[in-house]
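Contents: one structure, followed by commentary.
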Amino acid sequence: ILHEDEAPVGYELAEDIPFSVDENGTVLVNGKETDKVTMVDKSKSYTVSVGKVDSLSGKKISGAKLKLTDSDGNVVDEWVSDKNNVHEINLGAGTYVLSETEAPEDYKIADNIEFTVNQYGEITVDGKQVDQILMKDVRKDKIIDTGDHSHIALYGCVSLAMLGIAVMAFITRIKMN
């Protein structure tokens, strides 16, 4: 039996592999002839929590379509945010990119977040260790239509400018007399 007592950091213990060597030196694994016995360690996975929040209030928001890709661009997971829950994903050590493919109504699409999970399960974003990934959505600017389409501010500025010119002309005339 090939047995592993301790796995390398970031890996799970491999299962034992029973094998035998017959009198001719032939190696048999599970009754099949082979020239070597290979044990493969499976990398550990760590739970990563992802939340979607309003950038001002910090409250969780629903309706954002999110996608997680690995460093090779492969899609690892896709989901829609829920204001009642954080999304949990089991990930191995590596670099990932969280992107928003569709923002909720009244929000702008957030910038991508690149993060790394190391062999100990520690998560870093921009070189800083974090407990969870929080993507913040910024509300779209809203122009409120009051129904008043006049240019009162423009008229006010023009009126003040004309008043200033009139006062300057009056002062100049008084000085000339």
Partners meeting side chain to side chain contact (heavy atoms under 4.5 Å, CB included) with L160 (sequence neighbours left out) = none
Those residues that, when tested against D131, pass side chain to side chain contact (heavy atoms under 4.5 Å, CB included) (two or more places apart) = none
Could you check whether any side-chain N or O of [X] sits under 3.5 Å from a backbone N or O of [Y], counting only pairs where one atom can act as donor and the other as acceptor?
| X | Y | value |
| --- | --- | --- |
| T47 | N90 | no |
| T26 | D22 | no |
| Y46 | Q119 | yes |

Taking [Y] as the starting point, is it possible to reach [X] by hopping between hydrophobic residues whose side chains are less than 4.5 Å apart?
| X | Y | value |
| --- | --- | --- |
| I133 | Y96 | yes |
| L91 | V130 | yes |
| I113 | V76 | yes |
| L66 | V97 | no |

Mind checking the [atom1]-[atom2] spacing from [X] to [Y]? Nearest 0.5 Å is all I need.
| X | Y | atom1 | atom2 | result |
| --- | --- | --- | --- | --- |
| K136 | K108 | NZ | NZ | 16.0 Å |
| L68 | W79 | CG | CH2 | 5.5 Å |
| S99 | E114 | OG | CD | 12.0 Å |
| R173 | K175 | CZ | NZ | 15.5 Å |

Ion pair check, K52 and D137, cut-off under 4.0 Å | yes
Start with the C-alpha gap between D106 and K140, add the side-chain angles, then the distance that decides, and say whether side-chain contact (heavy atoms from CB on, under 4.5 Å) holds.
-> CA-CA 5 Å; D106 297 332; K140 291 179 181 175; 5.5 Å; no
Nearest heavy atoms of A110 and M135, plus distance in Å = CB-CG, 3.7 Å
Nearest heavy-atom neighbours spanning V75 and K67 |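 Shortest heavy-atom separation between V75 and K67 comes out as CG2-CD, 3.9 Å.
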Can you list the residues that meet the side-chain hydrogen bond (donor to acceptor under 3.5 Å, both in side chains) rule with N112, with sequence neighbours excluded?
->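 For N112 there are no side-chain hydrogen bond (donor to acceptor under 3.5 Å, both in side chains) partners, ignoring immediate neighbours.
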Residue among V117, L98, V86 satisfying side chain to side chain contact (heavy atoms under 4.5 Å, CB included) with V48 | V117
Within 6.0 Å of CD in E15, more than 12 heavy atoms from elsewhere | no
Can you list the steps and then say if I1 with F19 is a side-chain contact (heavy atoms from CB on, under 4.5 Å)?
-> CA-CA 6 Å; I1 292 181; F19 70 97; 5.9 Å; no
Would you give me the side-chain donor-acceptor pairs under 3.5 Å for residues 27-40, sequence neighbours excluded?
unit_1, atom_1, unit_2, atom_2, d
T34, OG1, K36, N, 3.4
T34, OG1, K36, O, 3.0

So D77 and H87, side-chain hydrogen bond (donor to acceptor under 3.5 Å, both in side chains) or not? Walk me through it.
-> CA-CA 10 Å; D77 198 4; H87 186 74; 2.7 Å; yes
Run the numbers on D54 and R139 for side-chain contact (heavy atoms from CB on, under 4.5 Å), then give the verdict.
-> CA-CA 8 Å; D54 180 282; R139 286 193 175 269; 3.4 Å; yes
Sequence-distant partners of K65, salt bridge (Lys or Arg N to Asp or Glu O under 4.0 Å), two or more places apart |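 Checked K65 against salt bridge (Lys or Arg N to Asp or Glu O under 4.0 Å); matches are E102.
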Residues 120-127 side chain polar contacts: donor-acceptor under 3.5 Å, at least two apart:
unit_1, atom_1, unit_2, atom_2, d
E122, OE1, N118, ND2, 2.7

